[in-house]
Participant: 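One structure coming up, written as structure tokens, with questions to follow.
Letters go in sequence order (proteins before strands), and every chain restarts at 1.
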2 protein chains.
Amino acid sequence: MTARNERKPEPRIPLSRERVLRAAVDVADQGGIESLTMRRLAEELGAEAMSLYYHVANKEEVLDGIADVIATEINDVVDQIDAPSKGPDWKKAVRQRILSAREVLLRHPWAPGVFDTRTNLSPAVVQYIDALVGLMRDGGFSNDLAHHALHALGSRALGFTHELFDPSDGAGDEGGAAMLEMADRLPHLVGMMMEVAHDDPDSTLGWCDDQFEFEFGLDLILDGLDRIRETA
Amino acid sequence: MTARNERKPEPRIPLSRERVLRAAVDVADQGGIESLTMRRLAEELGAEAMSLYYHVANKEEVLDGIADVIATEINDVVDQIDAPSKGPDWKKAVRQRILSAREVLLRHPWAPGVFDTRTNLSPAVVQYIDALVGLMRDGGFSNDLAHHALHALGSRALGFTHELFDPSDGAGDEGGAAMLEMADRLPHLVGMMMEVAHDDPDSTLGWCDDQFEFEFGLDLILDGLDRIRETA
DNA sequence: CGCCATATCGTACAAGGTAAGTCTGGGCGC
DNA sequence: GCGCCCAGACTTACCTTGTACGATATGGCG
């Protein structure tokens with residue numbers, strides 16, 4: 001009865017930076033980014049918090065790491081695409097890439113938030129951007145225009161935009177009801193909302209079709225770039 | 001020598017939600033948003049941390065509050081403007097508004113970050129957006145188009161965009177040097193950077209003129225909207 | 001002068017990041 | 001074969017930050 005088999009021979013897989021980062025993504029996918037603590041992450045791996053520090057310098061590095069994991073996932077998906085990009089085809093190619101990136105991000109809703117707390121950008125993101133520039137060059141963009149285009153696209157290039165108002169918060173109508181009370185102070189907004197909501201079949205005030213709006217804004221920019229490109 | 005004048009009669013101004021929020025903005029302006037802790041904030045006010053909780057429910061409310069303070073500052077500036085917005089003038093009017101908002105945000109570099117951690121949006125932001133919709137309506141936008149326009153503008157409407165790479169980080173060249181090493185893996189990006197940097201007089205690789213890029217993207221979108229508006 | 005609402009403070013705890021030291025098992029020189 | 005070493009994991013403990021809870025100060029009023 002002395003300690004012989006003190007621990008079941010649980011075939012403890014050794015930790016590694018890879019394993020840590022993958023587990024971190026899992027934790028964030030399951031419980032949101034705020035649930036990603038070093039202790040929770042260790043638990044996920046069947047280890048102790050401090051053990052993680054042998055593989056990553058600190059939590060910042062974990063965040064850098066998972067951003068890179070996601071960007072890599074995006075690259076994997078996006079590199080499957082083989083669309084023509086020469087001349088006027090550039091736009092379709094870029095559009096398809098960006099929308100594919102967006103699909104990946106929709107699977108990791110916490111990722112956009114992490115991306116823009118990152119001060120140093122991930123290698124995989126650089127790789128992604130590089131390919132995007134490549135498509136634009138194929139389309140006849142000057143380097144200068146491609147550069148401006150990146151800035152114009154901003155976070156949209158990676159498939160997300162920062163929502164100023166996040167529809168997924170208050171108990172549905174509440175905010176809208178409060179808004180109706182001050183309708184006299186917000187004539188334009190209230191008028192707009194009423195009309196837009198009316199046109200839309202369901203729409204309890206979760207009225208915005210994210211996908212549609214995203215594409216609208218994206219196309220606006222792409223069309224503008226295309227017009228510049230033609231006249232250059 | 002017993003405690004008589006235990007404290008100089010320091011005419012302690014009473015706390016108030018107003019004072020707390022203003023102090024919070026000051027702290028953030030001075031030390032960045034990460035320096036804004038309840039204790040630091042109390043110190044700024046010559047009080048103790050727990051005293052703040054009589055005037056604000058919790059730190060989230062402080063953050064909501066300072067977002068609103070900044071948005072109010074924007075509204076104050078922007079409401080000074082009296083530009084014609086009827087018909088084709090809409091674009092100049094909107095442009096001017098947004099660039100003015102941007103000027104305010106440049107004085108509070110932490111503000112964009114706070115804005116998009118806010119899940120409930122500040123009344124002052126709603127007010128701002130409402131006025132923007134008003135200008136677009138003046139320009140002949142349908143409510144529907146105005147709605148899409150808001151989405152297309154995204155955070156740009158308030159005068160900021162999320163930089164994917166923040167130039168203000170690594171020791172200047174470092175990142176660029178590392179990038180040159182893998183030039184073969186990033187042909188397009190490196191090519192673009194070399195050329196763009198070459199055109200630009202100084203440019204140590206802090207090559208991007210934020211203001212120019214911001215206006216470029218903004219105009220791209222505004223021009224696109226204008227074209228849609230004309231054909232509607 | 002005593003009372004109570006209002007405003008402030010002191011103490012204390014929980015959560016989370018992480019510094020520093022400790023234990024352990026397997027490889028390697030002798 | 002034997003002991004040393006060290007990578008890798010664990011233990012303890014500390015510090016910061018938000019905030020619950022209750023005590024305390026203050027000032028106006030009956």
Side-chain angles (χ1 to χ4, degrees), chain A residues 2-24 26-28 30-67 110 113-114 117-119, chain B residues 2-24 27-28 30-67 110 113-114 117-120:
Chain A
T2 32
R4 185 71 320 213
N5 57 354
E6 317 116 318
R7 200 143 320 188
K8 60 175 57 176
E10 211 189 294
R12 150 109 63 199
I13 309 164
L15 293 179
S16 74
R17 185 185 159 85
E18 287 307 303
R19 247 168 62 72
V20 168
L21 294 182
R22 285 194 193 295
D26 287 347
V27 170
Q30 291 166 35
I33 194 64
E34 71 285 355
S35 77
L36 180 60
T37 72
M38 297 303 273
R39 290 182 230 263
R40 173 74 188 77
L41 178 51
E43 181 188 359
E44 181 84 3
L45 290 160
E48 297 298 315
M50 289 314 292
S51 305
L52 305 178
Y53 285 86
Y54 198 87
H55 305 276
V56 294
N58 48 39
K59 188 171 182 182
E60 277 297 288
E61 197 175 301
V62 172
L63 293 176
D64 284 345
I66 60 177
W110 47 269
V114 172
T117 61
R118 294 313 80 207
T119 166
Chain B
T2 33
R4 187 70 321 209
N5 58 353
E6 316 116 320
R7 199 141 317 185
K8 62 173 55 175
E10 211 189 294
R12 149 111 59 199
I13 308 164
L15 293 179
S16 72
R17 186 186 157 85
E18 287 308 302
R19 245 166 67 72
V20 168
L21 295 183
R22 285 194 193 297
V27 170
Q30 291 166 34
I33 194 65
E34 70 284 356
S35 77
L36 180 59
T37 71
M38 296 304 272
R39 289 181 231 265
R40 174 73 189 76
L41 178 51
E43 181 188 0
E44 181 83 4
L45 289 160
E48 297 298 314
M50 288 317 291
S51 305
L52 306 178
Y53 285 85
Y54 196 85
H55 304 277
V56 294
N58 48 39
K59 188 173 182 182
E60 277 296 288
E61 195 175 303
V62 173
L63 294 176
D64 285 346
I66 61 178
W110 47 268
V114 172
T117 60
R118 292 316 76 208
T119 165
N120 14 344

Participant: Please work out if A:T37 contacts a base, only the sugar-phosphate, or nothing of the nucleic acid, heavy-atom cut-off 4.0 Å.
Facilitator: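 Answer is sugar-phosphate: A:T37 comes under 4.0 Å of backbone atoms only.
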Participant: Whole angstroms only, please: what is the CZ-P distance between A:R19 and D:dA9?
Facilitator: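 One finds 9 Å between P of D:dA9 and CZ of A:R19, rounded.
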Participant: Look at B:H55 and C:dT8 and indicate whether a side-chain polar atom (N or O) is within less than 4.0 Å of OP1 or OP2.
Facilitator: yes
Participant: Considering all heavy atoms of both residues, which atom of A:L41 and which atom of A:A24 are nearest to each other, and what is their separation?
Facilitator: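 Closest pair (atom of A:L41, atom of A:A24, distance): CD1-N, 3.4 Å.
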Participant: Considering non-hydrogen atoms only, spot the tightest contact between B:I33 and B:W110 and give its length.
Facilitator: CB-CB, 3.9 Å
Participant: Would one find a side-chain N or O of A:Y53 under 4.0 angstrom from OP1 or OP2 of C:dT18?
Facilitator: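 For C:dT18, OP1 or OP2 has a side-chain N or O of A:Y53 closer than 4.0 Å.
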Participant: Calculate the interatomic distance between B:Y54 atom OH and C:dA7 atom C1'; express it in whole Å.
Facilitator: 6 Å
Participant: Can you find a side chain N or O atom of B:S51 that sits less than 4.0 Å from OP1 or OP2 on C:dC9?
Facilitator: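 Yes, because at least one side-chain N or O of B:S51 sits under 4.0 Å from OP1 or OP2 of C:dC9.
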Participant: Please confirm whether the backbone N or O of B:L63 pairs with a side-chain atom of B:R118, one donor and one acceptor, at under 3.5 Å?
Facilitator: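 No.
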Participant: Output the rounded distance in Å from CD (B:E48) to C1' (C:dC9).
Facilitator: 6 Å
Participant: Side chain of B:M50: nearest nucleotide among D:dG8, D:dG18, C:dT11?
Facilitator: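 Closest of the options to the side chain of B:M50: C:dT11.
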Participant: Let me know the distance between CZ of A:R39 and C1' of D:dT12, rounded to the nearest Å.
Facilitator: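 In whole Å, D:dT12 C1' and A:R39 CZ are 11 Å from each other.
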Participant: Would you say CZ of A:R19 has more than 12 non-hydrogen atoms from neighbouring residues, nucleotides or ligands within 6.0 angstrom?
Facilitator: yes
Participant: Closest approach to the side chain of B:A47, judged atom by atom: which nucleotide of D:dT19, C:dC9, C:dG16 is it?
Facilitator: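 The answer is C:dC9.
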Participant: Using whole Å, what does the distance between atom P of nucleotide D:dT17 and atom CD1 of B:I33 come to?
Facilitator: 13 Å
Participant: Rounding to a whole Å, what distance do you find between A:L36:CG and C:dG17:P?
Facilitator: 8 Å
Participant: Can you check whether B:A67's main-chain N or O pairs, donor with acceptor, with B:D64's side chain at less than 3.5 Å?
Facilitator: no
Participant: Tell me: CG of B:L63 to C1' of D:dG18, nearest whole Å?
Facilitator: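 Whole-Å distance recorded here is 12 Å.
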Participant: Taking CG from A:N58 and P from D:dC15, how many angstroms apart are they, rounded to a whole number?
Facilitator: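 Whole-Å distance recorded here is 20 Å.
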